[in-house]
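I have placed the structure first, in the form of structure tokens, so that the comments after it can refer back to it.
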Number of protein chains: 2
Amino acid sequence: MNSSRPVTIKDIAKRFRCSPSTVSRALNDHPAINEDTRKNIQEYAREVGYQRNEVSLSLLNKKTATLGVVVPNISNYYETAVIEGLHNVLQPMGYTLNICVTNESYILEKEYLSKLLSNRAEGIFLSVSQETYDSGYYEHLEQVIQRKTPLIFIDREYEDFETSRATVDDYHGAFAAVEHLINMGYKQIAHLKGPNGLTVSEQRFNGYKDCLIKNGMPVRDELIINTNFKVESAILPTKRLLEMDTPPDAIFGVNDQVAIGAMRVVKDKGLRIPQDIGLVGFDNSPISAYTFPSLTTVSRPGRKIGMEASRLFLSQLNASGDFSHESIVLPSELIIRESSLRI
Amino acid sequence: MNSSRPVTIKDIAKRFRCSPSTVSRALNDHPAINEDTRKNIQEYAREVGYQRNEVSLSLLNKKTATLGVVVPNISNYYETAVIEGLHNVLQPMGYTLNICVTNESYILEKEYLSKLLSNRAEGIFLSVSQETYDSGYYEHLEQVIQRKTPLIFIDREYEDFETSRATVDDYHGAFAAVEHLINMGYKQIAHLKGPNGLTVSEQRFNGYKDCLIKNGMPVRDELIINTNFKVESAILPTKRLLEMDTPPDAIFGVNDQVAIGAMRVVKDKGLRIPQDIGLVGFDNSPISAYTFPSLTTVSRPGRKIGMEASRLFLSQLNASGDFSHESIVLPSELIIRESSLRI
DNA sequence: ATATCCAATGCAAACGTTTGAAAAAATTTA
DNA sequence: TAAATTTTTTCAAACGTTTGCATTGGATAT
């Protein structure tokens, strides 16, 4: 008849014919408890596998030690690196991360935020979904603000939303990548762009465009084709590029996946990298160093972003009433490898 | 002075000079509430951004609708696919997934399990860490069992632990991969093995070994070298293999990452794939189809594993007292691509 | 005018824990 | 032995919500 109901402090109290308070104090090593009582109770508690019900404590203390991490997906290297960074700082402080994957859906994002608030998460790290961008709705964020729950944007962001944010300098990373291609003598640089509307996509695109302009090179619309960040989404666009009358002699991919997809198509065509076609990606994913040829790319400090975001959260938490939000932009770094190194 | 304390039912009750019960019923559309009262209360609640405190409800109902997912890491394609599968089934049912990354650490795994139990998670999906394997300790799992919290193993497992589990048939996948290499005429097949002790590593290794034996081929110890699953860990081992007096003519990597690392080294050596060296990976990661040459691999149904694990959880939940644990083994599938297709 | 009935609301307990203050018990002091 | 002191334990409230049961007040029927 030993039901699966977890042992409570009351159960133990009954067993020892004492009050719950005594048990609670005994378990917490309160000084005003008789040594014997304490030992007996602790021993018994261990024996029966007592485990403090944190739910009741959360209710009592209004502290859940839970943080929400809301991201569009976790299948990319960068996202997992960010989570690792958050984790490294916050886990040792006793926080539990509640990772929510929106799958780029607005509705899921909204649901998750509601749920996190209902569950009294003490802070939320958010990388907004594609759909949220597209729709432009952000009432679901207002609830978070209204409830004064610290909200930290990671990576993607609403430009005009007043919160803290930790992002990577995509613009200058892209700029440096394209400038490098120009320095290598490439003349017609194509861009496999990310989905429209996303800050990440647009920032990188802007870096690409501005770099061309600054260097007196034309921005050819037909050399800019959209992808969805995934490797297979680069295949057709790259084919199209290579079949043009005046095809590009270099391709800047919005991320490594896309660049690797392009690499495959280029090689299938029998073109040589970097001699015939230069190639640059973005992210410095682990595999980029081991493709053949290895891929020039721009590294994003994902772990650092996570750690900085944690810092922002903590400072907001400790802040008294008036708190000015911070925007942290970490630099990205060009990593030159074989795919663009034309001698 | 508007403190950030969330609005409670009591606050609303005070505002309307009624009892909390009335507010609760009004918000939950209880029929015995006056229509006007209901409307007024609901409107006011929306206005002030009332949000039900789920913590208190959890305490009251002893239901948290929270499930723990404890995995060594989330940076691989497979793991995220599993999580996606779990998510797809369980999120719509109202469950929140609490994803915990142990980073292959025993201590973290133990801490997370304790925490999940303390937070009254209603079920736990576990892929045990490397350290847990190595140490052989599993008292931390006993607590879970003792508390009768459904525990489902995903992917990795203790062979002799009585729970439900959903795993992939790594053995036959590896067997098929090696048999394919043999059919292609490769004679000296090396194996870049995963870390010792992990079921995944050992199953694949066994598949490799048994296939060689069954085909009357020698198992040469010097052709079996350990890696840690990561791309860079394949570099030195592969170099060593290729510098041997009688080097292998094929390499079976424990996963795609390792195979891709090997691919790089082989190409650097000026050897041709698949003519000089055949190559097979494991996982069917998105990129494996787009390497050059594309990588023959074994696909693991990660999403399906997640969905099956969910099913196991649900059936255990609905089971009355006596419940016999299920072991589900999903087949893996050989995907033949260019890297092994010698004509 | 009184009994009957129904609609609407309030009361109180419960979930598991902590904690300040009060009470009880044990010990020391005079 | 009584008073004073110290040690140990209990009481009660609190956290926010739900819910069975009791209560209220008004309307209807007799």
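All chains are named by letter (A, B, ...) in the order of the sequence lines, taking the proteins before the strands, and each is independently numbered beginning at 1.
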Qualifying ring pair (Phe, Tyr, Trp, His ring centres under 6.0 Å) pairs, either residue in residues 21-40 of chain A, two or more places apart: none

Bending between helix ends of the helix from dA1(C)-dT30(D) to dA30(C)-dT1(D) [5 pairs per end, 10° resolution]: 70°

Sugar-phosphate, base or nothing in reach of Leu60(A), heavy atoms under 4.0 Å: base

For Asn98(A), all residues meeting side-chain contact (heavy atoms from CB on, under 4.5 Å), sequence neighbours excluded: Thr66(A), Cys100(A), Leu116(A), Thr96(B), Asn98(B)

Geometric class of the His140(A)/Tyr106(A) ring pair [parallel <30°, tilted 30-60°, perpendicular >60°]: perpendicular

Pairs touching residues 42-62 of chain A that satisfy ring pair (Phe, Tyr, Trp, His ring centres under 6.0 Å), sequence neighbours left out: Phe16(A)-Tyr44(A)

Which residues share a salt bridge (charged side-chain N to carboxylate O under 4.0 Å, His left out) with Glu84(B), sequence neighbours left out: Arg303(B)

Length of the line joining Ile33(A):CD1 and dT6(D):C1', which is rounded to integer Å: 15 Å

Residue whose closest nucleotide on DNA chain D lies nearer the 5' end, Val7(B) versus Thr37(A): Thr37(A)

Members of residues 46-58 of chain A that approach DNA chain D, where some heavy atom sits under 4.0 Å away: none

Interface with DNA chain C, restricted to residues 18-25 of chain B and to heavy atoms under 4.0 Å: Cys18(B), Ser19(B), Ser21(B), Thr22(B), Arg25(B)

Listed partners of Lys63(A) passing side-chain contact (heavy atoms from CB on, under 4.5 Å), at least two apart: Asn61(A), Glu122(A)

Span of DNA chain C in contact with chain A (heavy atoms, under 4.0 Å): dC15(C) to dA21(C)

Ala26(B) backbone acceptor or donor facing Gln42(B) side chain under 3.5 Å: yes

Contacts of type side-chain contact (heavy atoms from CB on, under 4.5 Å), residue Glu111(A), not counting sequence neighbours: Ile107(A), Leu108(A), Gln91(B)

Test item: side-chain donor near acceptor, Tyr133(A) and Thr199(A), under 3.5 Å: yes

Sugar-phosphate only, base, or nothing, as touched by Asn28(A) at under 4.0 Å among non-hydrogen atoms: sugar-phosphate

Side-chain donor/acceptor of Ser118(A) to backbone N/O of Gln51(B), under 3.5 Å: no

Expected output: side-chain Asn28(A) to main-chain Ser24(A) donor-acceptor under 3.5 Å: yes

Listed partners of Phe125(B) passing ring-ring contact (aromatic ring centres under 6.0 Å, His included), at least two apart: Phe313(B)

Sugar-phosphate, base or nothing in reach of Arg120(B), heavy atoms under 4.0 Å: nothing

Partner residues of Asn34(A) under the side-chain contact (heavy atoms from CB on, under 4.5 Å) criterion, sequence neighbours left out: Asp36(A), Thr37(A)

Spacing between Leu59(A) atom CG and dA13(D) atom P, to the nearest angstrom: 17 Å

